[in-house]
Amino acid sequence: MIKNYTNLNEKVIEEVLPNGLKLVMIPRANYHQCIAVLSTSFGSLVQKVSVDGQNILDIPAGTAHFLEHKLFDKPDEDAFYRFSQLGADANAFTTNLQTSYYFATSQNLAACLQHLLDFVQTPYFDQTKVVKERGIIEQEIQMYQDDPEWRLYMTLLEQLYPKSPLAADIAGSPASLKRITADLLYQIHHIFYQPKNLTLQVVGKFDPTAIYDLVQANQAAKEHRTVDFKTLEPILEPGLSQNLQVAANVTIPKAAWGIRFPAGDWQGLAMSQRSLVADLLLDILFGEQTTWYQDLYKEGIIDDNFDFEYVLMPQYQYLTFFSQTQFYSQLERALRLRLKNYHDYLLDQQQEFIKLQAATLGEAIIRLNSLEQIALRGDDILCGVNLFDKIDMLKEIKFKDILDFADQLFNQFELSRVVLKKVGE
């Protein structure tokens, strides 16, 4: 299937191979480089899965991240080394929703693509090396615990979604890592890395027919057992509304606020559109161009570190604010007042909406010049959305969408707060 975006002079070629692997190709003839990303919809939020309608497998926190690390380890060499021999830069990442493996190269594309598919789809897990990896990841976890911003964010998530997968570190904990074994990794790989759960995206200079033939031949040479599975969503506990103060190694207090919204069943384009509307709404209310922001900045209540983010995922919908400030009580009053009076303020902001929409569209079009921006948004691809779709959706957003969405979010809300303060204060 070919999707043509005539207004952007772009096309996206989508194919599903006989074994179920999804191939997405975005040819860019004028570029000398090519980026390929192989992604699975297995991230840190998956902690329980039903297999073949019978067995239920409990997955320790940090398993997706752990598996990402260990897939590069092969009996004879590290998979990174082969990429370097081929002249490619390679890496991987794990998020709440996915794990992705990718390379960027201007040479040896066919060999790099074969290697990407082979090392990801051919697991090798040795129990002795698994135990060794635990220590490495425990050090990584400690490094993040020593980062005040990360600690602040995770503590806020624990307030909003206590005891949930979202509140667990993507890397897991020392206790959860002890439950990860070589056998478990093989089980997880068999379930979540089967072809029907993988998406390969190739962006850059290449011949689509040649790439399809290469991937098809590679997959046809492999034997894959299909397994039916269903990810089981956790039952979420109510959020904790009280304010929390934590002693930390900081000079200036760091504060975070969060609002947890009801979960919905948004998927694909609908989920992306909702996020785009939310981003525009928040910029209108709290962006640097607003009088609200400028007044707080001039008074020294906030500085350049002030930030906000709306996050939407299956089962999770929340809004966060972050600031480094001595005056977090004053900032909280300003936030509450802004949120309470959102409707009156938004009524005369249609021109501001038009300007922000145009600016956002401009930024998105500029991102089209970057292969990395197109290729490394695997979460979009796994939802069946790309950057071109988002540009089209941005154009279709109306001011009424902003007003309606604000009513959904802020008609009533509960604000949770976490403050990191210097030890002894």
Under 3.5 Å, side chain of [X] to main-chain N/O of [Y], donor-acceptor pair present?
X	Y	result
Gln373	Leu368	no
Thr290	Gly287	yes
His115	Ala79	yes
Thr181	Gln127	no
Gln357	Leu394	yes
Asp126	Lys129	yes
Ser84	Tyr81	yes
Gln201	Ala375	yes
Asp52	Gln54	no
Ser44	Ile170	no

Hey, can you tell me if [X] and [Y] have their rings parallel, tilted or perpendicular (30° and 60° cut-offs)?
X	Y	result
His189	Phe125	perpendicular
Phe286	Phe321	perpendicular
Phe72	Tyr101	tilted

Could you tell me if the side chain of [Y] sits less than 4.5 Å from the side chain of [X], heavy atoms only?
X	Y	result
Asn243	Val419	no
Gln219	Gln121	yes
Gln315	Leu45	no
Val37	Val203	no
Val12	Asp389	no
Phe42	Ile59	yes
Phe322	Asn305	no
Leu86	Thr105	no

Exercise: identify the closest heavy-atom pair between [X] and [Y]:
X	Y	value
Lys196	Asp228	NZ-OD1, 3.2 Å
Arg225	Gln194	O-OE1, 4.1 Å
Pro162	Pro238	CG-O, 3.2 Å
Pro60	Arg179	CG-CB, 3.7 Å
Ile137	Phe66	CD1-CD1, 3.4 Å
Trp266	Met271	O-SD, 3.8 Å

- prompt: Is there a side-chain hydrogen bond (donor to acceptor under 3.5 Å, both in side chains) between Asn197 and Ser41 once you walk through the steps?
  reply: CA-CA 7 Å; Asn197 204 49; Ser41 55; 3.0 Å; yes
query: Charged N to carboxylate O under 4.0 angstrom, Glu332 versus Arg336?
result: yes
message: Taking the basic N atoms (NZ, or NE/NH1/NH2) and the acidic carboxylate oxygens, is any pair closer than 4.0 Å for Lys398 and Asp401?
response: no
task: Determine, using ring centers only, whether Tyr297 and Phe306 are less than 6.0 Å apart.
output: no
Ring center gap for Phe405 and Tyr310 short of 6.0 angstrom: yes
message: Applying side chain to side chain contact (heavy atoms under 4.5 Å, CB included) to Leu67 and Phe192, what does each step give before you reach the verdict?
response: CA-CA 11 Å; Leu67 194 153; Phe192 290 99; over 6 Å; no
Out of curiosity, [X] [atom1] to [Y] [atom2], how far, rounded to the nearest 0.5 Å?
X	Y	atom1	atom2	answer
Ile374	Glu10	CD1	CD	6.0 Å
Tyr293	Asp283	OH	CG	11.5 Å
Arg260	Leu156	CZ	CG	12.0 Å
Asp58	Leu232	CG	CG	9.0 Å
Gln33	Asp89	CD	CG	8.0 Å
Ile391	Leu8	CD1	CG	5.0 Å

Within the supplied structure, the quantity of interest is the number of heavy atoms (other residues, nucleotides, ligands) at a distance under 6.0 Å from [X] [atom1]; does it exceed 12?
X	atom1	result
Ile235	CD1	no
Lys11	NZ	no
Lys3	NZ	yes
Lys230	NZ	no
Lys163	NZ	no
Lys222	NZ	yes
Tyr144	OH	no
Asp76	CG	yes

Check the side chains of [Y] and [X] for a donor-acceptor pair under 3.5 angstrom, ignoring hydrogens and angles.
X	Y	value
Gln273	Glu396	no
Asp183	Gln187	no
Asn96	Tyr316	no
Glu68	Thr94	yes

query: Can you list the steps and then say if His69 with Glu140 is a side chain to side chain contact (heavy atoms under 4.5 Å, CB included)?
result: CA-CA 12 Å; His69 276 223; Glu140 183 179 334; 3.5 Å; yes
task: Please step through side-chain hydrogen bond (donor to acceptor under 3.5 Å, both in side chains) for the pair Asp404 and Gln408, ending with a clear verdict.
output: CA-CA 6 Å; Asp404 291 345; Gln408 293 178 39; over 6 Å; no
query: Would Glu77 and Arg82 count as a salt bridge (Lys or Arg N to Asp or Glu O under 4.0 Å) if you check the C-alpha gap in whole Å, the side-chain angles of each, and the deciding distance to 0.1 Å?
result: CA-CA 8 Å; Glu77 67 178 14; Arg82 178 60 178 154; 5.4 Å; no
message: Let's go through Gln47 and Ser164 carefully: what are the C-alpha distance in whole Å and the side-chain angles of both, what is the deciding distance for side chain to side chain contact (heavy atoms under 4.5 Å, CB included) to 0.1 Å, and is it a yes or a no?
response: CA-CA 10 Å; Gln47 294 189 6; Ser164 71; over 6 Å; no
- request: Determine, step by step, whether Leu356 and Gln289 satisfy the side chain to side chain contact (heavy atoms under 4.5 Å, CB included) criterion, reporting the C-alpha distance in whole Å, the side-chain angles of both residues, the deciding distance to 0.1 Å, and the verdict.
  value: CA-CA 10 Å; Leu356 281 172; Gln289 81 288 347; 3.9 Å; yes
